[in-house]
Amino acid sequence: MARTLISGGTVVTATDTTAADVLIDGERVVAVGSDLGAQAEQVIDATGRLVMPGGIDVHTHMEMPFGGTFSSDDFATGTAAAAWGGTTTIVDFAVPEHGESLQTTAQRWHQKAGPKAHVDYGFHMIVREVNEQTLADMDALVDQGITSFKLFMAYPGVFMVDDASLFRAMSRSGENGALIMLHAENGGPIDVLIQRYLAEGRTDPVNHGLTRPASMEGEATHRAIALAELAGVAVYIVHLSSTDALNAVREARDNGVAALAETCPQYLFLSADDLARPGFEGAKYVCSPPLRPKPHQAELWNGLRSDDLQLVATDHCPFHFKQQKEMGLGNFAKIPNGLPGVEDRYTLLYDGGVRLGQVSLNRFVELVATAPAKLFGLYPRKGTIAPGSDADIVVFDPDTERVLSASTHHMNVDYSCYEGHHVHGVPEVVLQRGQVLVDHGKLLAQAGQGKFLARSRTTL
Ligand code: URP
Ligand code: ZN
Ligand code: ZN
């Protein structure tokens, strides 16, 4: 493979911003500095551009079964869209069928991803029940590079596990080095509210949010952290959406407890007002936890600045509006939960985060690439630009203005949550392991060229 020079740009990592060239040999970065040109056969001109690590999205659901249907992106369409959007690594959630062994699920997910992925990928494993077999399977999966497990405190009868099961899984992770990730909403009372609302004829999408109050996310987050503290392990809260939950994480961290959390673009840029759009339009915004009233957004930005929230992932879980979201016409509880977003995260966070002064450019890189790599066992191979790291690089044009739309995005979904949203910035050239995946809007990546990443255990 030829040596490539990315020349004339501003190289940005989580710690530094430097005018420098980047020399790539094969799959790896070999030098960052000046006067490197003579060593390269191929040059990518990055004049006026930011040269940043490829994005790492640690929360995606490709072809995920949910409520009698499947999320509409598979590994082919979803990872191509990720590449277009500057994300070069995803970590997807493998979902066991009822009673299926976690080992079998892992094999199924390898079969789904391997021939299709355009970018590198790893897996988390969802755990629906905790017994001797699943605990033993967890040990084995950690050794195979699947080092994180998601359990649910919501969706009774589908995914929800009880506190004893959570505690057992957490205790085991103390022995095998895995990281337990939690969907923290108290599913019991939420389900009672849902039944009550439906009985009262309150069936519109807005009721999805009203039946899942932030207090129930705060309560579950607090309980999750208390259980993890009792087990003596770290815990990671996924898709944190509210001040209530953030306060639980903050309080724990202030007391030296290892509580970690992500938030998602939808909680930073969308709100309960979107769920309340007229007619059935709000169904486009149904996800769990639900979009919150706007005042929560400022608190989440505070959390991202103070490192009470460590990173931003998408929870990409798209369903078409036609026929899929429409399954919930007349009953909000039947609207499949989830939003599309894998393509938009990098630019949305740059535009709404860096350009609007919410976070520094270096913190942006940390949130979208470096911290995900560190927390999920991929660093320093991924998540930075340094000699020895994989050459996963985004040459980012920070100035070009564009309008996000379903008519131009590449995700396999018939609407955009950000339709008409005006942004600055475009991932112009996207490289993975030295190969150009996307060049000025043209996809060069092939399905199947993404590699499975056996991840290390999290070290804090
Ligand atoms: O609504 C959501 N978040 N759908 C995806 C599944 C999950 O809980 O992450
Ligand atoms: Zn979840
Ligand atoms: Zn999710």
Side-chain angles (χ1 to χ4, degrees), residues 57-73 78 82 90-96 109 121-128 148-161 166 179-187 190-191 194 205 207-209 211-212 214 216-217 220-221 224 235-242 245 260-268 270 272 274-275 282-292 311-321 324-325 327-328 332-342 345 372 376 411 413 415 417:
D57 187 347
V58 294
H59 193 150
T60 69
H61 301 279
M62 303 303 173
E63 238 183 291
M64 174 182 167
F66 193 102
T69 187
F70 288 86
S71 58
S72 56
D73 264 320
I90 63 164
V91 187
D92 196 77
F93 287 88
V95 191
W109 240 254
Y121 58 93
F123 302 139
H124 316 283
M125 181 60 66
I126 285 176
V127 177
R128 302 175 83 136
S148 39
F149 298 86
K150 180 180 178 188
L151 292 92
F152 289 77
M153 303 168 86
Y155 305 126
V158 185
F159 287 117
M160 185 167 135
V161 296
L166 286 182
L179 183 64
I180 299 296
M181 313 168 77
L182 285 174
H183 179 130
E185 289 185 290
N186 189 335
I190 286 172
D191 228 36
I194 291 172
N207 296 297
H208 172 76
T211 53
R212 308 184 85 90
M216 289 298 95
E217 188 189 8
T221 304
V235 66
Y236 180 95
I237 308 298
V238 294
H239 47 47
L240 186 147
S241 71
S242 65
L260 306 161
E262 68 182 25
T263 190
C264 312
Q266 53 270 32
Y267 302 120
L268 298 167
L270 302 172
D274 293 298
L275 260 180
K284 293 179 177 173
Y285 301 91
V286 166
C287 60
S288 294
L291 301 179
R292 302 298 185 189
L311 63 92
V312 177
T314 59
D315 193 8
H316 175 75
C317 190
F319 297 98
H320 292 295
F321 183 63
Q324 291 194 297
K325 291 287 187 182
M327 290 162 70
F332 69 86
K334 294 202 169 142
I335 301 169
N337 286 203
L339 305 186
V342 75
R345 180 188 66 137
F376 289 94
M411 297 175 284
V413 58
Y415 75 96
C417 293

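We count ligands from 1, going down the list as the structure has it; atoms in each ligand are counted the same way.
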Seminar exercise, completed: Min over Ser288, Pro336, Pro318, Cys317 of heavy-atom distance to atom 1 (O) of ligand 1 lands on Ser288

Seminar exercise, completed: Between Asp315 atom OD1 and His59 atom NE2, the angle centred on the Zn ion (ligand 3) rounds (to 10°) to 90°

For this session: Assess the side chains of Asp73 and His316: does a donor N or O sit below 3.5 Å from an acceptor N or O?
Result: yes

Problem set entry | Under 3.5 Å side-chain donor-acceptor pair for Arg292 and Ser242 | no

For this session: Show your reasoning for whether side chain to side chain contact (heavy atoms under 4.5 Å, CB included) applies to Phe319 and Met327.
Result: CA-CA 10 Å; Phe319 297 98; Met327 290 162 70; over 6 Å; no

Exercise. Can you tell me if an N/O/S atom from Lys150 lies under 2.8 Å from the Zn ion (ligand 2)?
Worked result: yes

For this session: Work out which heavy atom in Thr314 is nearest to a heavy atom in His59; give both atom names and the distance.
Result: OG1-O, 3.3 Å

Exercise. Where do Ala220 and Asn186 come nearest, in terms of heavy atoms and distance?
Worked result: CB-N, 3.7 Å

May I ask you to list the atoms of ligand 1 that are less than 4.0 angstrom from any heavy atom of [X]?
| X | value |
| --- | --- |
| Cys287 | 1 (O) |
| His183 | 8 (O) |
| Phe152 | 8 (O) |
| Asp315 | 2 (C), 3 (N), 5 (C), 9 (O) |
| Lys150 | 7 (C), 8 (O), 9 (O) |

Exercise. Can you check whether His124 and Phe376 have ring centres sitting under 6.0 Å from each other?
Worked result: yes

Exercise. With the Zn ion (ligand 3) as the point of reference, which N/O/S atom of His61 is the closest?
Worked result: NE2

For this session: Spell out, as yes or no, whether a donor-acceptor pair under 3.5 Å connects the side chain of Lys150 to the backbone of Ile180.
Result: no

For this session: May I have the step-by-step check of side chain to side chain contact (heavy atoms under 4.5 Å, CB included) for Val312 and Tyr267, ending in yes or no?
Result: CA-CA 10 Å; Val312 177; Tyr267 302 120; over 6 Å; no

Problem set entry | the Zn ion (ligand 2): angle it makes with ND1 (His183) and NE2 (His239), nearest 10 degrees | 90°

Exercise. For Phe159, is the nearest heavy atom under 4.0 Å from an atom of ligand 1?
Worked result: no

Exercise. Tell me: protein heavy atom nearest atom 4 (N) of ligand 1, and distance?
Worked result: Asn337 O, 3.1 Å

Problem set entry | atom 6 (C) of ligand 1 [closest protein heavy-atom partner, distance rounded to 0.1 Å] | His61 NE2, 3.7 Å

For this session: Could you see which bit of Phe319 sits under 4.0 Å from ligand 1, with heavy atoms only: side chain, backbone, both or neither?
Result: neither

Problem set entry | The single option from Gln266, His183, Glu262 passing side chain to side chain donor-acceptor pair (under 3.5 Å) against His239 | His183

